[in-house]
Every structure is written in C-alpha cells, then in structure tokens.
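Chain letters run A, B, ... following the sequence lines, proteins first, then strands; residues in each count from 1.
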Amino acid sequence: GNSVTQMEGPVTLSEEAFLTINCTYTATGYPSLFWYVQYPGEGLQLLLKATKADDKGSNKGFEATYRKETTSFHLEKGSVQVSDSAVYFCALPVYNQGGKLIFGQGTELSVKP
Amino acid sequence: GAGVSQTPSNKVTEKGKYVELRCDPISGHTALYWYRQSLGQGPEFLIYFQGTGAADDSGLPNDRFFAVRPEGSVSTLKIQRTERGDSAVYLCASRETVNTEAFFGQGTRLTVV
C-alpha cells in the first residue's frame, strides 16, 4: 500500500539554523511528492512538489529532492526564520484512486529568535 | 470565491446529535475531497467527489458518516449520532482535475462533548 512516514516533532531551532525534516514513502510506482505547510490559524498550503525521480522542488528557500533509491523526500532550508514556524506535512497522491492524498503525521517546527 | 470556504469554523455538539459541515469549493473545481485531521496527526482521507458523484468513499469510518454534493459544487458532510471520537478538524479540498494542485479550506473544528 501507499504510506508516508515523517520524523516526529516538535523541532525547535534558533533563527538562521539549518533545517531538515525527514520524509520517506512507500508507493506503487513513482508518484509525485508534496510538502504542505500549515501556518498557525491557516489552512494547508502546498509548499513545494516534485513530479519524478531526481526532481528538486523548491519554494520560499525550502528544497526537497525526490530520491527513488532511498524512497525519500526530505525537506531542507539553509536558514530558517521565525515566520517558518508551522506544521509541515509530506504527502503523496494516489492517482488511481482519484488523486487522494496520503499524508505523513506532520512535523511541528518552532523557530526562536 | 477566492478559495475553499468551510463553515462553520467551529462546532461544538453533544454526543448523539446530528451535525452538518459545509464546503464551498473553488468555482469550476470538479474534484472535491473531505479529510479528517485528529490532533497531532496528518489529514486522513474520507471521501472524494468527481462532479456530483462520490467516486471513492472508502475513507468514511462507518455508516454514521455521509456526504453529498448534489449540484457538483457545494458539499455537505453529515455525521449522525456523533461520538466523542468524532472530535477532529474536518478539511475540505478542491482541485480542477486530479492532476492539478489541491487547495484546502481552513477546516471545521468539531468538538463532541
């Protein structure tokens, strides 16, 4: 079956620190992979995506590379800001089931000034 | 509208009561999804509509849960005989097609007391 596993949080970092949030997946075939972000009081937003192996998705200073060999899609940012404090979700779509999304459990990030 | 709208934003109900949660998708989006997010977890798929029909309801936990989308736009998630375990945030998402970005509403926080 399809599943997504994320590193557990919460993660607390100081401003300008380096961020890695691990995500591994199990899937049939090679689906697209997504990172969603949920800022306090807001809905889920797509942060970045990669549609095939070795693709790198990037947005707002965040990056993630689709690694087929390790079935991973780790989220990274070189220098986090207080405004990055949010919950981050790794997800994959199941296209033969209407594109429904399978989410990881989420990783809460707290960035301190 | 500009985004996916869900109402109410918060709902407190007594155990055993019936509730309806509403989702207004982005205009023109034919695909609509309901997810449930329990505290500290990622969203879990409930049901997917393509147009007016429920194409996949495999995520509905039991027959107390039902959803409709009679005109292919607004959808209502209905929960009968609510239980305390139904307490969660219910999220709605819509997209133009199954291959395009899914946009999420801010969710309805349901609390069953």
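- For A:Leu101, the parts lying under 4.5 angstrom from a heavy atom of chain B are both the backbone and the side chain.
- Linking ILVMFWY residues whenever their side-chain heavy atoms come closer than 4.5 Å, directly or via other members, leaves B:Phe45 and B:Leu110 in distinct clusters.
- Counting non-hydrogen atoms of other residues, nucleotides and ligands closer than 6.0 Å to CD of A:Gln81 gives a total above 12.
- In this structure, the side chains of B:Gln37 and A:Phe103 stay at 4.5 Å or more apart for every pair of heavy atoms.
- When heavy atoms are compared at a cutoff of 4.5 Å, B:Glu101 approaches chain A solely by way of its side chain, counted from C-beta outward.
- Open room surrounds CD on A:Glu8; 12 or fewer heavy atoms of other groups in view lie less than 6.0 Å from it.
- When heavy atoms are compared at a cutoff of 4.5 Å, B:Ala102 approaches chain A by way of both its backbone and its side chain.
- Only the side chain of A:Gln38 comes within less than 4.5 Å of a heavy atom in chain B; its backbone stays farther off.
- Other residues, nucleotides and ligands place more than 12 heavy atoms under 6.0 Å from the CD atom of A:Glu69.
- In terms of hydrophobic clustering, with Ile, Leu, Val, Met, Phe, Trp and Tyr side chains grouped at heavy-atom distances under 4.5 Å, A:Val11 and A:Val37 are assigned to a common cluster.
- Heavy-atom neighbours of B:Phe66 CZ from other residues, nucleotides or ligands within 6.0 Å: at or below the threshold of 12.
- The number of heavy-atom neighbours closer than 6.0 Å to CD of B:Glu44, taken from other residues, nucleotides and ligands shown, is 12 or below.
- By the 4.5 Å heavy-atom criterion applied to side chains, B:Pro43 and A:Phe89 are counted as neighbours.
- Of the two parts of B:Phe103, neither the backbone nor the side chain holds a non-hydrogen atom closer than 4.5 Å to a non-hydrogen atom of chain A.
- Of all heavy-atom pairs spanning A:Lys100 and B:Ser58, the tightest one is NZ-OG, 3.7 Å.
- Panel note: side chain B:Tyr33, backbone A:Gly98; a donor-acceptor pair is recorded below 3.5 Å.
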